[in-house]
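Excluded from the calculations below are hydrogen atoms, water molecules and symmetry mates; all remaining heavy atoms, backbone and side chain alike, are included.
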Amino acid sequence: MTKEMPKAYEPGLYEDDIYKQWEESGVFQPENLENTSGTYCNVLPPPNANGELHLGHVSGYVAMDLMGRYQRMLGKKTLLLPGKDHAGIQTQVVYEKKIKKERNISRHNLGREKFYNEIYDFCIDRSAYMRTQEKKIGLSADWSREKFTMDPKIVNNVLDTFVKMYNEVDEDGNRMIYRGERIINWCPRCASALADVEVEHEEQKAKLFYFKYDKNFPITIATTRPETKLGDTAIAVNPKDERYKEYIGKTFQANFCGIDLNIKIITDHNIDLSFGAGALGVTPGHSAIDWQMAQVNDLEIIKVIGEDANIRPGFGEYSGKSVLEAREMIVAKLKEQGLIEKEEEFDNNLSVCERCKTAIEPLVSEQWFVNVDHKNFSLKKEARKVIENGEIKIYPERYKDIMLSWIDNVHDWCISRQIWWGPRIPAWYREIFDLRLPNADLDDNKSKIENRKSEIYVGIEKPDGEGWMQDSDTFDTWFSSGQWAYNTLGFPEGNDYKEFYPSDTMIMGRDILPFWAFRMIILSIYRTKQIPFKNLYFTGLIRDGQGKKMSKSKGNGIEPLEMIEKFGTDAVRLSMMIGATPGNDMNLSEEKIAGFRNLVNKLWNVARFAISDLRFPIVELNQDMLTVSDRYILEKMKFLIREVSGDLEEYRFSQAGEKLREFTWNDLADWYIEASKFAVSDGKDFVLIKILTDLLKLWHPFIPFVTEAIWQELDSDKKLIVSRWPLALDYEVYKTKQEDIDNFEIIKNIIIAIRNARSENKVEPARKVKALIVAGEYFDLINDNEALLKGMRTGVEKLEVVSKKLEEKDENETIKIVVGEIIIYLFGAIDKEKEAERIKKEKANLEKQIEVLRVKLGNKDFVERAPEAIVKTEQERLLKMESELVKLGE
RNA sequence: GGGCGUAUAGCUCAGUUGGUAGAGCGCUUCGUUUACACCGAAGAUGUCCAGGGUUCGAGUCCUUGUGCGCCCACCA
């Protein structure tokens, strides 16, 4: 009975159908799995619901799906929980660009409510599209449980956390969440505050101006931003600096380009004596460091630049001018007065918004902050504890230190954003409304009023009474996603929360460690009093074939869907798992994916051979049926199962995949299957199907589609996805041993040696030769495997096996090969010169190795100090090589 | 300035406790033998970045330096 399978595996013909079968079978839902023991849960990181999947998402999902499928096959009640993130600022930026382009309007044209609703619909729409992409990858997630950070229940929990933290008050009256006027990173385009991690730095050339505030001023300062000097309230010098010692502590009045300043001379250890003039003009309103100094030295804080990046009222002719205009005006004025002493080009880092690349203005503004080191419950200390003592295991291990250093350096976290998209901060104020100008935009930051502190209430519902207005700010997106680990599971009462929390695995790209991993840990510990997950695995970033970052502008990006279309999902999955080391970036090229397509096809053809060659019904196995190659492949498979299982337990995906490839292509396809064509046994069908069945299972987490497709060709009644992971123990019944591998290796080595000698001698492939093998103690083994030695492309037509050499053959007509104790003679087809050359080469090679070993073993220290086993194997190697050399020379 | 990673075949990279240097791709020669040309056979190619150290023994551990990449901080 035979069955036809197409010559080449065509992924496009199978994938969608197979995914549908899986989905319909319901096995992505944990409660539908049968006979489970234990649970496994991975809450999937939610991609931003505003775009498409890129390779970074894919590589993460593949790792998660791989682990999920493995655990499901182990019999665990497995849940991969998917979701989407509303991605506050990013989505708002994307959507604003979209409406600008398509409708030429801004968010103000729509108004807050309409804008919000449109973005919401946009996200829902994109999410649906992204879900189809995620399914393309083969993600075995439970879609019935899918969550969105804007789901009412999720949002409610997020708000609840805010309220709870706000109400966390220590003995000094400090709240865990507080509202305060602080210096923050302001993006004028987004018109919002940003957290430190949302700011990027771009190198640029800047001009450093050296000048005095006015001509009577005693100290020269240097700055790249003269316009901010309108808000200077001090000059800081290094306390060790002799030059300025006499001025320290004094206050000077200056008229800086028409604006009066009071400048106090203070000291600060961080001032670099050699940089610039060695004196820093302190601008507390527009520099984070200066703001710090102002706190320490109790300086006045003057706000020069407004939230629209223009000079604020009260600065004469400069007011209303943009930052750059004001800078030019001031530089011109300074020049006019002859105050500029020097101009210098130097490399500077410009801070820009991570999302829209607009230059950041540091400015003082009233925002909501999380105190990460609160007395009642120190988020950073608690997080440090669980990382340090290994309650959360981190892969790769070195990321543990990276995480700890992040935790140690974290500052209070600004969680308010002046954008419209996202959950709104549940704080309420009175009197705000009355103070507003008639035309002011209620939600626009520009018109935000400053004295809103009058009365405040924090709570999810609007309080009773007249005149309450909700805070117009929304949350930093990471305040929501930081609570993803437990909110998705239905904290605090949900069944999933009770059953699956803390989850087993969290996998994320190394680039979002500071954004997400850390925040998820602190917020989870605070809310649930438990760690969010037991294992945290970081993937590297994916770059192009040359190691460059992929980007749309460079045009070197690889579209995952295009690759799936071209090479199949399985090949794409393999290209991300094999050859990648955890936490390290990897390069990906089309050629690489094509290589894995070939591997997938190889597996397909192994199956094709096995299935088409099958003689049903399969005979029940009995020990005598097993050939040397049968025993070899069974014993090898036993090892493979152990190795792959061990690797997966430790998240060593690449090693596991590498071993599977080696086994599939080398051991199985090139040797076992080839051998099975010549050493036909009654057990072959049984062994081949047994090996194939288990190999499909081992491969399945990596390449679910092709394995499932083959599985169905095998007429299996159940889906592979729910079948059980193979056990090495099951192979004990065949009673194979290491010796079985050794035996087959001997045959293999003889075959390889003959092929090699023929090739070196340039013997035509078609030309048949006669062989004599002097087998010594391996007489039986070699004699029994005559068919292999003749059939496996050795070109040996007639074979004679003897245990001892009986008579001298005519050496001139002979190729002589030595494999350990075994000597092989090939007769006929000899090019004497080439053969002499080959022998010479062989001998030289042996002699070289023997020399190295003799020196090593002649070293008394080595013999005395190295472990006995090492010394012994080296001695054996030497003896073997010496004997080979002698035999070659005979 | 601080930190992390990395340096191994022409290219992209593996190399788990120190014990005979590996894979894929590419290259050379050969081959269509009924699983597969998305194939098969054979082959070539390495001062494992450099110097120093520990060790009987170092690609692997320590140290110094250099190149490249990344992250953080940041010079006003």
In whole Å, what separates the [atom1] atom of [N] from that of [M]?
N	M	atom1	value
B:C48	B:U6	C1'	14 Å
B:C38	B:C25	C1'	14 Å
B:G52	B:A9	C1'	28 Å
B:C75	B:U64	C1'	29 Å
B:U28	B:C71	P	40 Å
B:C27	B:C72	P	41 Å
B:U55	B:C61	C1'	10 Å
B:G2	B:U60	P	26 Å

- Query: Got A:Phe653 and A:Asp647 here, is their nearest side-chain heavy-atom distance under 4.5 Å?
  - Reply: no
With sugar-phosphate taken as primed atoms, P, OP1 and OP2 and all else as base, the protein-contact string of nucleotides 33-40 of chain B at under 4.0 Å (heavy atoms; B, S, -) is B-BBSBSS
Looking at every strand, decide which applies to [X] at a 4.0 Å heavy-atom threshold: base, sugar-phosphate, or nothing.
X	value
A:Asn409	nothing
A:Arg652	base
A:Gly540	nothing
A:Glu658	sugar-phosphate

Taking for A:Pro765 and for A:Thr223 the nucleotide of RNA chain B with the nearest heavy atom, the one nearer the 5' end belongs to A:Pro765
Under 4.0 Å between a Lys/Arg side-chain N and an Asp/Glu carboxylate O for [X] and [Y]?
X	Y	value
A:Glu874	A:Lys856	yes
A:Asp408	A:Lys380	no
A:Glu397	A:Lys400	no

Point to revise | For A:Phe702, ring pair (Phe, Tyr, Trp, His ring centres under 6.0 Å) partners two or more places apart | key: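 For A:Phe702, the residues satisfying ring pair (Phe, Tyr, Trp, His ring centres under 6.0 Å) (neighbours in sequence not counted) are A:Trp699.
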Numerically ordered, the residues 869-879 of chain A set in heavy-atom contact under 4.0 Å with RNA chain B is A:Ile870, A:Arg877
In numerical order, the residues of residues 564-581 of chain A whose heavy atoms come under 4.0 Å of RNA chain B are A:Gly579, A:Thr581
A:Lys229-A:Thr283 side chain donor-acceptor pair, cut-off 3.5 Å: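 There is such a pair (donor and acceptor under 3.5 Å, judged by atom type) between the side chains of A:Lys229 and A:Thr283.
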Which of B:C4, B:G19, B:A42 is nearest the side chain of A:Ala866? It is B:G19
Of the listed B:U12, B:G43, B:G19, the closest approach to the A:Glu760 side chain comes from B:G43
If I compare all heavy atoms of [X] with all of [Y], which pair ends up nearest, and what's the gap?
X	Y	result
A:Val819	A:Ala753	CG2-CB, 3.7 Å
A:Lys602	A:Ala669	CE-CB, 3.6 Å
A:Arg543	A:Asp585	NH2-OD2, 2.8 Å

In whole angstroms, the gap separating C1' of B:U6 from CE of A:Met586 amounts to 16 Å
Can you classify the ring geometry of A:Trp604 versus A:Tyr9 as parallel (below 30°), tilted (30 to 60°) or perpendicular (above 60°)?
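Answer is tilted, since the angle falls between 30° and 60°.
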Donor-acceptor pair (no angle test) under 3.5 Å: A:His201 side chain, B:C72 base: no
All stems that RNA chain B takes part in, i.e. 3 or more consecutive Watson-Crick or G-U pairs with distances under 3.5 Å, are B:1-7 with B:66-72, B:10-13 with B:22-25, B:27-31 with B:39-43, B:49-53 with B:61-65
Which residues share a side-chain hydrogen bond (donor to acceptor under 3.5 Å, both in side chains) with A:Glu882, sequence neighbours left out: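 With sequence neighbours excluded, A:Glu882 shows a side-chain hydrogen bond (donor to acceptor under 3.5 Å, both in side chains) to A:Arg854, given in chain and number order.
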